[in-house]
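Working notes, structure below.
Note on naming: letters A, B, ... go to the chains in the order of the sequence lines (proteins, then strands), and numbering restarts at 1 for each one.
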Amino acid sequence: MSNTTYPIAKDNDGQPIWKFIFSELKPKTKFFTPFNIISLPIMLLGLVLIVIRFWKGIGAVTNLSQEIPWGLWIGFDVVTGVAFAGGAYVLTFMVYILNMHKYHSIVRITVLNGFLAYVFYAGALLLDLGRPWNVINPIIGNNFGTSSVLFLVAWHFLLYMLAQLIEFSPAVAEWLGAKRARKILSGMTIGAVIFGITLSTLHQSGLGALYLMAKDKIHPLWYNEFIPILFFVSSIFAGLSMVIFEGSISHKVFHRMISEKDNKAQNGIIHGLAKICTGAMFAYLFMQLLVFIHGKHWDLLNTGMGQWFLLEMFGFVLLPMILFYISYRRNNILLIRIAAIITMLGVILNRLNVTVIGFKWDMPIRYVPTWMEIVVTLAVIFTEIWIFKWVINRMPVLRDSPSWVKEEN
Amino acid sequence: MGLDRRDFLKTLGVVGATLAVGKNFGATTKKDTKTEFYGMLYDPTMCLGCRACERLCAKAHGLPEPAKAPEAGVIRNTSEIQRTVVNCYKTSKDEVYIKKQCMHCNEPACAAACLTQAMCKTKEGAVIWRSEKCMGCRYCMVSCPYDVPKFEYHSANPKIVKCDMCHDRVIKGEMPTCAEGCPGEALLFGTRRELITEARKRIAENPKVYTDIIYGEHDAGGTGFIYLSPVPMNELGFNPAIQKESYPALSKGFLYSVPSVFVLLPPLLLGIHEATKKDHKEGDENE
Ligand code: SF4
Ligand code: SF4
């Protein structure tokens, strides 16, 4: 409408912006919920452990060793966490590139989830850095280690967070009632989406490529030159399963915010996602099969690690794939949710098998994370959920956008 | 909202900017073929097992005096307080001493892994670590096939510890301290080419004493530290799985594909976006 309106206006009742943000900081919901009672102590304990880690060194809280330099914090927080955040690029691809409007109502929450996942899980990388004060070196050019896969991944994390922030920013603008800003920001969406998908393709596979040089250290059933492609394809169904799972939960928790129309659409969305998961998992299984035949590791199947590998493939890829297939044929939403959970477990298993369980599998002393590493991981996850809830309770993520947004278009 | 020429150009601009970054990913540092790398040759048949090198190394790098050597067959590893160890292996040809330290690879995996080039191959040949660049990610440790870089896990200001072939001495024209102080002359310092010639000569003159291998001539893409040996190397604790090709070559394919993805994918996405938009024009919820 009128371009003369001052960007920060109306929706926050004309309050100055800082006053509005300040008033929004206060909790909006009941404080003593079961989730808060469980998560708060863990977050506090995690904070204490993080202080100890920076004070006494990484060895004081982790079981990492000279042979196993990367453990749970990289293998789970970063590698697995980012795979689960893959839903954002898949959905933006579907909605903005393929113009599948059916999924539009869940784009914002997925992008928010993805953005926070990157901030927190890639942020967890900082905890694992021995000399975090030098973390800006590869960004400011002291020096550019351009032959490093980690250099690529680090840059992509950074740029992708920016792209996601742009994708999400219209919601922030609507919350602040910043009409003009919203217009500019939503004009940037398609560019950010294209950029974001390209970055995601490269760093989802890049996380696998990180391990290419560790050829003699990873169990041959998991090490192959195709890790990058396998990581990329599995990030598709990892991300979508997360969307299904997270969508089911937030639909319960935030039920009161969701409009009638979106609520009705929810089942159709889940149904469609199940179909895509089936396809992606089929492609993934087929690739795994080709890679396996190519690797000629038949003899290894008879070992303990071999059975573990078969369990991963059959129990956590083939089985949920079949479940997805059946449930979408029969339109059984509950079964889809179950399949999504099994798929997620399978992705966790796969990423840990490459990064932790299969890494130096033949060493006499195995790496097992300390309870402290686990608590810090939980603390990171809980903090993310806190911020997630905070945003959802305030910004138009699940809620419909304020009425002026429709008028403008 | 429509995607017109302006948006198209905007996207292209973004792509172009990243392309400039993308281009560098593929390029690994090409070595100047004229410089000759220095290296070291270790001949176990001349090693007395006195471990003077261990003590000299500790002294030169401000590390604690190494503990007394254990009996033959007990194998110690290098660590964050010991950059080199000499172990005594019981082999098919009696006891053999073997010195372990960084191999100073021609194409080091650690340096290819390092996102800040804190780990780097100098033109003299040593692979060194630079504290002011390192962020302590330990990716070098994950990547080194010989598990050489060690990390100070119990420090708030941790360093990566590994043999640097006494780089500060070498640039002053001196020898690494271990080579200088080795009473048995088991450690020879020189250009890699001289050392390989010397190793060949020794094998040719004493074929009964040595096996016909110069370890490091081709292993892991060639190393600066090379070994002669009276027995096969796997009897001396060397991992037989180590490949002949260099380790950075393993991730080259991936890195080379990055620029092409950056060139091809965005226009493709934009094209699909345009193509599918038309179909949905009648769609009610079009934003
Ligand atoms: S042995 Fe390891 S640390 Fe030494 S140069 Fe080679 S890759 Fe680097
Ligand atoms: S730990 Fe330091 S030297 Fe090793 S790869 Fe990371 S930044 Fe480079």
> Which of the residues I68(A), I197(A), L210(A) is involved in the greatest number of heavy-atom pairs with chain B at under 4.5 angstrom?
Replying inline: L210(A)
>> Between S131(B) and chain A, with a heavy-atom cut-off of 4.5 Å, which part of the residue counts as in contact: side chain, backbone, both or neither?
In response: both
> Is it true that the side chains of N134(A) and K133(B) contain a donor and an acceptor less than 3.5 Å apart?
Replying inline: no
> Which answer fits C114(B), side chain, backbone, both or neither, if we ask what part of it has an atom under 4.5 Å from a heavy atom of chain A?
Replying inline: backbone
> Residues two or more places apart in sequence or in another chain: which of them pass salt bridge (Lys or Arg N to Asp or Glu O under 4.0 Å) with K217(A)?
Replying inline: D147(B)
> Counting heavy-atom pairs under 4.5 Å to chain B, which of N137(A), I136(A), T201(A) comes out on top?
Replying inline: N137(A)
> What distance separates S65(A) OG from M141(B) CE, expressed to the nearest 0.5 Å?
Replying inline: 7.5 Å
> Residues in ring-ring contact (aromatic ring centres under 6.0 Å, His included) with H219(A), at least two apart?
Replying inline: W222(A), W361(A)
>> As an exercise: rank L264(B), L265(B), L268(B), V142(B) by heavy-atom pairs under 4.5 Å with chain A and give me the winner.
In response: V142(B)
> Does any heavy atom of chain A fall under 4.5 Å from the side chain of I242(B), the backbone, both, or neither of them?
Replying inline: both
> Can you tell me if D216(A) and Y146(B) form a side-chain donor-acceptor pair at under 3.5 Å?
Replying inline: no
> How far does CG of L150(A) sit from SG of C140(B), to the nearest 0.5 angstrom?
Replying inline: 10.5 Å
>> For F254(B) together with H203(A), are the ring centres under 6.0 Å from each other?
In response: no
>> Within this structure, what is the CE-CG distance for the pair M135(B) and D128(A), rounded to the nearest 0.5 Å?
In response: 10.0 Å
